[in-house]
Structure formats: structure tokens, C-alpha cells
Student: 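What follows is a single structure, and I will ask about it in a moment.
Values below: every heavy atom of this structure, side chains too, minus hydrogens, waters and symmetry copies. The residues of the chain are indexed from 1 along the displayed sequence.
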Amino acid sequence: MKRLKLLGIALLVFIGVVGVSDKVNVKSAQASVLKTTTVPKRFRGTWYLATSRKKVHAYKINSTRIKLDGVNARVYKYSSKAYRATSLSIPSKVLISSKGNTLTFYYIGGRIYPLNLSSNHQSLRDASAMQTYYKSKSAALKHYRR
């Protein structure tokens, strides 16, 4: 009888330990999908977009955050695993990848924005929205088109 009780208790303890360790592994696997990264220096700074002949909007990109269109988002490294695993509908997360003079970021509902940096590093071209961001306010106003 004592052996049966000890066996039952040991079995319950084993099931409890396995159940807890499975939950811990799931949380650590989700956390390991998102890897923090930094934006390359050539893309950092304040970029300006003219929305009318006299109105200019400032967009800020620093080493760990991107502030575009009212979104203040933390930067994480893009991978297909992270893209599938994360909920990108949360505007506080942006996955980025960069190659050469192109910075691509993925955010809000899975939209993809490739930004191409000009050869003189003075303008960023958003190919998907047909917009160009400039390093100075005067350049943005000068190149404004309806």
C-alpha cells in the first residue's frame, strides 16, 4: 500500500515537473525569435517629407527606434521565422533588414516598405508609396510635387 502511494506521488511530481518545464520552453522559444538590432548609421537621423508647399513632416530614425507616421516602434532583426511568429499588427515592433543602400522594414499588418538611399546620402526613396524623404527641410520643400 505504501509503495502504491509513493508511486502515485512520484508520478504526480514527475507530471508536474514536465508540465512546468514545457511551459518555460515555449516562453523562451518565443522570446528567442525576436533579436534586437540597430539601424545602420547611413539611415539614421531626421528625414523630412513635404506634404504641401509650406508643410513639412519630420520622421526620425535612430539606432533602436523608428518614428514614422505616428508610429514609435522598436527595431528587431528580420527573419522569416520572426515574421511568421510575431504579431506585426502591434505598431511597437518593426522588423528590419538592410543590404547595401536599401533598408526594408516590415510592420503594421505585414506591410513591407523598402527605402532606397541615394548615392549622396541626402534622400530616401520609398518605392512602395512613391515618396522621397530628404535630410533637410529646404530640400523637401524644393522637391515638393503634388
Side-chain angles (χ1 to χ4, degrees), residues 7-146:
L7 182 62
I9 291 172
L11 186 60
L12 287 174
V13 168
F14 178 74
I15 291 172
V17 168
V18 169
V20 169
S21 67
D22 282 345
K23 289 179 183 176
V24 170
N25 288 339
V26 168
K27 287 180 183 177
S28 64
Q30 288 174 351
S32 68
V33 171
L34 288 177
K35 306 283 186 193
T36 58
T37 189
T38 59
V39 176
K41 283 187 179 181
R42 61 185 168 273
F43 295 105
R44 296 181 199 169
T46 303
W47 297 89
Y48 299 96
L49 175 68
T51 56
S52 70
R53 291 200 184 273
K54 295 182 181 179
K55 198 169 190 179
V56 177
H57 287 283
Y59 299 95
K60 296 182 180 183
I61 300 175
N62 65 24
S63 62
T64 59
R65 293 199 168 275
I66 294 179
K67 298 174 185 177
L68 293 170
D69 297 328
V71 175
N72 183 5
R74 181 87 168 92
V75 174
Y76 296 95
K77 186 174 184 175
Y78 172 80
S79 70
S80 58
K81 195 176 197 179
Y83 186 71
R84 287 191 306 262
T86 56
S87 170
L88 293 175
S89 61
I90 301 169
S92 63
K93 295 178 183 174
V94 174
L95 301 177
I96 67 164
S97 67
S98 66
K99 184 174 184 181
N101 281 342
T102 303
L103 174 71
T104 306
F105 59 98
Y106 309 79
Y107 83 112
I108 304 180
R111 289 188 289 178
I112 301 170
Y113 290 93
L115 296 175
N116 299 315
L117 189 64
S118 67
S119 59
N120 63 359
H121 295 244
Q122 296 301 310
S123 65
L124 272 176
R125 177 97 172 126
D126 182 355
S128 62
M130 302 302 282
Q131 295 175 338
T132 304
Y133 302 91
Y134 295 93
K135 268 303 221 189
S136 69
K137 289 180 185 180
S138 61
L141 289 170
K142 178 182 175 184
H143 296 287
Y144 171 72
R145 291 182 218 134
R146 284 189 198 187

Student: Supply the atom-to-atom distance Lys77 NZ to Lys35 NZ, rounded to the nearest 0.5 angstrom.
Tutor: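 Lys77 atom NZ to Lys35 atom NZ measures 9.5 Å (nearest 0.5 Å).
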
Student: Test your reading of the model: is there a side-chain donor-acceptor pair from Ser63 to the backbone of Thr38, 3.5 Å cut-off?
Tutor: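 Judged by distance alone, no pair lies under 3.5 Å.
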
Student: Could you check whether Tyr48 and Tyr59 have their ring centres less than 6.0 Å apart?
Tutor: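 Tyr59 vs Tyr48: aromatic centres not under 6.0 Å.
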
Student: Is the side chain of Arg44 donor-acceptor paired with the backbone N or O of Val39 at a distance under 3.5 Å, no angle test?
Tutor: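 Pair found, side chain donor or acceptor close to backbone of Val39.
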
Student: Please round to the nearest 0.5 Å and tell me the distance separating atom CD1 of Ile66 and atom CH2 of Trp47.
Tutor: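 The CD1 atom of Ile66 sits 12.5 Å away from the CH2 atom of Trp47.
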
Student: Within the 4.5 Å heavy-atom criterion, are Arg53 and Leu141 side-chain neighbours or not?
Tutor: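 Answer no - side chains too far apart.
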
Student: Is there a donor-acceptor pair closer than 3.5 Å between any side-chain N or O of Ser98 and the backbone N or O of Thr102?
Tutor: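 Here the side-chain-to-backbone pair does not exist.
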
Student: If you measure from OH on Tyr134 to CG on Leu124, what distance do you get to the nearest 0.5 Å?
Tutor: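 Spacing of OH (Tyr134) from CG (Leu124) equals 10.5 Å.
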
Student: So that I know where these two stand, are Tyr106 and Tyr78 an aromatic pair - ring centroids less than 6.0 Å apart?
Tutor: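 Yes - the distance between ring centres of Tyr106 and Tyr78 falls below the 6.0 Å cut-off.
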
Student: When rounded to the nearest 0.5 angstrom, what distance separates CG in Leu95 from CZ in Arg74?
Tutor: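 Taking CG in Leu95 and CZ in Arg74, the distance rounds to 12.0 Å.
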
Student: Taking side chain as C-beta onward, heavy atoms only, is Thr132 less than 4.5 Å from His143?
Tutor: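 Contact flag for Thr132/His143 side chains = no.
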
Student: Heavy atoms only: give me the nearest Val94-Ala73 pair and the separation to one decimal.
Tutor: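 Between these two residues, the closest heavy atoms are CG2-CB, 3.1 Å.
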
